[in-house]
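Values in this document were obtained by computation on a predicted structure and should not be read as measured data. Atoms within each ligand, like the ligands themselves, are counted from 1 in listed order. The figures that follow rest on heavy atoms only: side chains count, while hydrogens, waters and symmetry mates do not.
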Amino acid sequence: FLDGRLYQGFWLPEHYLPGVVAFQRRFTPRRPDDVVLVSFPKCGTTWLKALAFADVFTDGHEAMLDRLPSPRLINTHVPYPLLPEAVTGDGGCKVVYICRDPKDMVVSLHQFLRRLQPDLSFADMFDSVAVDGTAPYGPMWDHVLGYWRASLARPDRVLFLTYEDLLQDAGEHVRAMARFMGRPFSPAEEAAGAVEAAVELCSFEKMKGLEVNRRGTSGSYKSMPRDAFFRKGVAGDWVNHMSPEMAARLDEVFRDKLRGTGLTIPRGPRHG
Ligand code: A3P
């Protein structure tokens, strides 16, 4: 459904392939404060981008504006093995990764793409994510495991988050992200409630309600209505879209792929 092309083991949407290859070959981040934000599609990209920006923002936005374009926040869906050497090598930049329960991801992707293709089949989408791994930037399990392993091997360089973690306690993870990015909240900022302010600024309701997000389209993928990026914003919505058999099947595939890695399928607050 997205004209995927298999490139170095991953299914990349054809229209993004030139950009991915250019990033891989030519990107040379040489600023120590560069941060690369990575996600599997529909796993919390928009939220992570907002929170990471808010971390820096609370540092004093006038000072930050003076210093633009650093610190740079770069956002991509590129799988770990395809990242430029300048990111993954010695002295490369910091990477923050976010993933999500694949059951919610597949529902989110289907609902998203259906805004452009109303007849898109959920069963096909499910097979693409759960069975053959051909979803955009998939296989999802390889995408997630690439960053998971990197976060274990290079914890000072790769921070691994889940959408469900953020739902559970956004403040705690915003603090961790700020520390990781080298911009910890100061005691004065803590006392002034900057963490809570950042979380509130980036909340689903706040972002969904912003005028800029309610109208118009985004050019990053065809002409997707901007409001399509803000649908439900919860964990566990899959129960309303897939049968228990499908859910069990997807869980089984991922459990099998994640076995022995120390990573388990993220569970939302609702699932304990
Ligand atoms: P749902 O479709 O399940 O609602 P991405 O940003 O990677 O495309 O991920 C999209 C998912 O993140 C969508 O999930 C969307 O509603 C949710 N989302 C977007 N902004 C959010 C926010 N500020 N807080 C929580 N979830 C958000």
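Checked by atom type and distance alone, the side chain of R231 never pairs as donor or acceptor with a backbone atom of F112 at under 3.5 Å. One N or O on the side chain of D104 and one on the backbone of G236 form a donor-acceptor pair closer than 3.5 Å.
With a heavy-atom cut-off of 4.0 Å, K42 touches ligand 1 through backbone and side chain alike. If you look at F112 next to ligand 1, there are no close heavy atoms at all, none under 4.0 Å. Residue contacts with ligand 1 for A50 are absent, since no atom lies close enough (heavy atoms, distance under 4.0 Å).
Using a cut-off of 4.0 Å between Lys/Arg side-chain N and Asp/Glu carboxylate O, E252 and R249 are scored as not salt-bridged.
Between P41 and ligand 1, no pair of N/O atoms sits closer than 3.5 Å.
Nearest heavy atom pair, residue F180 against residue K94, reads O-NZ, 2.6 Å. A pairwise comparison of heavy atoms in P136 and F40 identifies O-CZ, 3.4 Å as the closest pair.
Residues satisfying the salt bridge (Lys or Arg N to Asp or Glu O under 4.0 Å) criterion with R214, sequence neighbours excluded, are E211. Legend: residues meeting side chain to side chain donor-acceptor pair (under 3.5 Å) with R114, ordered by chain and number and at least two apart, are absent.
When hydrogens are left out, the protein atom nearest atom 24 (N) of ligand 1 is W47 CD2, 3.2 Å; that is the closest non-hydrogen contact. Among protein heavy atoms, atom 23 (N) of ligand 1 sits closest to C202 O, 2.9 Å. If you check which protein heavy atom lies closest to atom 13 (C) of ligand 1, you get S108 OG, 3.6 Å. In this structure, atom 6 (O) of ligand 1 lies nearest to the protein heavy atom T46 OG1, 2.5 Å. Looking only at protein heavy atoms, the nearest one to atom 7 (O) of ligand 1 is T45 OG1, 2.4 Å. Protein heavy atom at the shortest distance from atom 26 (N) of ligand 1 is Y163 OH, 2.7 Å. The protein heavy-atom contact nearest to atom 16 (O) of ligand 1 is R231 N, 3.0 Å. The protein non-hydrogen atom at the shortest distance from atom 19 (C) of ligand 1 is F229 O, 3.3 Å.
Rounded to the nearest 0.5 angstrom, R154 CZ and R149 CZ are separated by 15.5 Å.
Ligand 1 places these atoms under 4.0 Å from at least one heavy atom of K232: 4 (O), 16 (O). For ligand 1 and S203, the ligand atoms under 4.0 Å from any heavy atom of the residue are 23 (N). The atoms of ligand 1 that sit less than 4.0 Å from any heavy atom of M207 are 23 (N).
Nearest to atom 27 (C) of ligand 1 by heavy atom, out of F40, W238, F230, F204, is F204.
For the pair Q111 and ligand 1, no heavy-atom separation below 4.0 Å is found. R100 counts as a contact of ligand 1, since one of its heavy atoms falls under 4.0 Å from the ligand. Taking 4.0 Å as the cut-off, G44 counts as a neighbour of ligand 1 on heavy-atom distance. Using a 4.0 angstrom heavy-atom cutoff, C43 counts as in contact with ligand 1.
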In sequence, state the C-alpha distance, the side-chain angles, and the governing distance for S223 and T217, and then conclude on side chain to side chain donor-acceptor pair (under 3.5 Å). CA-CA 5 Å; S223 57; T217 58; 5.2 Å; no
One pair to check against salt bridge (charged side-chain N to carboxylate O under 4.0 Å, His left out): R267 and D101. What are the steps and the verdict? CA-CA 7 Å; R267 288 279 178 263; D101 182 338; 3.5 Å; yes
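A ring-centre distance under 6.0 Å is found for H143 and Y97. In this structure, the ring of Y80 has its center less than 6.0 angstrom from the ring center of Y147.
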